[in-house]
**Q** 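Handing you this structure, nothing more for now.
All values below come from the heavy atoms of this structure, side chains included, with hydrogens, waters and symmetry mates left out.
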Amino acid sequence: MSEPGPSVCVALTTCPDEGTARRIAAALVDERLAACVNIVPDLTSIYRWEGAVETAPECLLIVKTRRELLEDLRRRLAALHPYEIPELVALPVEGGSPTYLKWVVEETGSAT
C-alpha cells in the first residue's frame with residue numbers, strides 16, 4: 001500500500017434504479033466531478049423515513065473523486081437526483097496505487 005492520496009476520496013450514493021444511476025454517473029464523469037463511477041445494482045436498502053421503516057431496491061454508486069470537489073458533487077447530486085435527500089457519504093483514501101490515485105486527480109481536473 002502507498003501513502004494516502006493527497007486529495008482522493010470515495011463517495012457513495014444510492015439511486016432508485018439502474019437508469020437513474022447510469023444517468024447520474026455519466027454526468028459526474030462528463031463534468032469531471034468524478035474520474036470513475038462504479039454502479040452496483042440490485043441492493044436492498046432498509047432505512048427509517050418519515051417515522052416508518054422502509055425497504056427499497058436501489059443501486060449503489062461508488063464515486064472516485066477529490067475531497068475538494070465534494071461540495072460541487074453534493075450540489076450536482078441535488079440537481080440530478082430524484083430523491084428529496086440524496087445520500088452522499090465520503091470516505092478518505094488511506095492508500096492505494098499511486099498511479100491510480102494520480103489518474104483520479106488528473107481526470108477530475110479542469111477540462112482542457
**Q** Quick one: which of T13, L33, L69, L88 gives a side chain to side chain contact (heavy atoms under 4.5 Å, CB included) with R74?
**A**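 Exactly one candidate clears the test, L88.
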**Q** CZ of R67 to OG of S7: how many Å apart, nearest 0.5 Å?
**A**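 Atom-to-atom, R67:CZ and S7:OG are 6.5 Å apart.
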**Q** Is there a continuous path of hydrophobic side-chain contacts, each under 4.5 Å between heavy atoms, that joins V89 to Y47?
**A**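 No; Y47 is not reachable from V89 via cluster members.
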**Q** Between R66 and T108, is the side chain to side chain donor-acceptor pair (under 3.5 Å) condition met? List the steps.
**A** CA-CA 7 Å; R66 291 181 290 131; T108 55; 2.7 Å; yes
**Q** Walk me through whether E58 and Y83 qualify under side chain to side chain donor-acceptor pair (under 3.5 Å).
**A** CA-CA 12 Å; E58 291 186 302; Y83 290 168; 2.6 Å; yes
**Q** Any chain of hydrophobic side-chain contacts (each under 4.5 Å) joining L60 to V63?
**A**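 Different clusters: L60 never reaches V63 through Ile, Leu, Val, Met, Phe, Trp or Tyr contacts under 4.5 Å.
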**Q** For side chain to side chain contact (heavy atoms under 4.5 Å, CB included), just list the numbers for W49 and I85, CA-CA rounded to whole Å, side-chain angles, deciding distance to a tenth of an Å, and then say yes or no.
**A** CA-CA 11 Å; W49 180 249; I85 303 174; 3.7 Å; yes
**Q** Passes side chain to side chain contact (heavy atoms under 4.5 Å, CB included), L61 versus C15? Steps please.
**A** CA-CA 8 Å; L61 275 63; C15 293; 3.6 Å; yes
**Q** For a 4.5 angstrom cut-off between non-hydrogen side-chain atoms, does P57 reach T44?
**A**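 In short, these two side chains do not touch, never coming nearer than 4.5 Å.
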**Q** Let me check something: do L70 and I24 share a hydrophobic cluster, defined by ILVMFWY side-chain heavy atoms less than 4.5 Å apart, either directly or through other members?
**A**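 In one cluster with L70: I24, yes.
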**Q** Supply the atom-to-atom distance L28 CG to C36 SG, rounded to the nearest 0.5 angstrom.
**A**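 One gets 11.5 Å once the value is rounded to the nearest 0.5 Å.
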**Q** Using side chain to side chain contact (heavy atoms under 4.5 Å, CB included), reason through E107 and V29 one step at a time and then give a plain yes or no.
**A** CA-CA 9 Å; E107 291 304 312; V29 172; over 6 Å; no
**Q** In the single-linkage hydrophobic clustering (I, L, V, M, F, W, Y; side-chain heavy atoms under 4.5 Å), do W103 and L101 co-cluster?
**A**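 Per the 4.5 Å side-chain linkage, W103 and L101 are co-clustered.
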**Q** Please evaluate residues V8 and K64 with respect to the criterion side chain to side chain contact (heavy atoms under 4.5 Å, CB included), reporting the C-alpha separation (whole Å), side-chain torsions for both, the decisive distance (0.1 Å), and the verdict.
**A** CA-CA 7 Å; V8 176; K64 275 66 84 157; 5.6 Å; no
**Q** With a 4.5 Å cut-off on side-chain heavy-atom distances among I, L, V, M, F, W and Y, is there a chain of contacts connecting I46 to L43?
**A**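 I46 and L43: separate clusters.
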**Q** Would you mind reporting whether V104 and T65 have side-chain heavy atoms less than 4.5 Å apart?
**A**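 No, every pair of side-chain atoms sits at 4.5 Å or beyond.
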**Q** State the CD-SG distance between E94 and C9, to the nearest 0.5 angstrom.
**A**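 If I round to the nearest 0.5 Å, the distance is 11.5 Å.
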**Q** Donor-acceptor pair, H81 side chain versus R76 backbone, under 3.5 Å?
**A**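 A pair under 3.5 Å: no.
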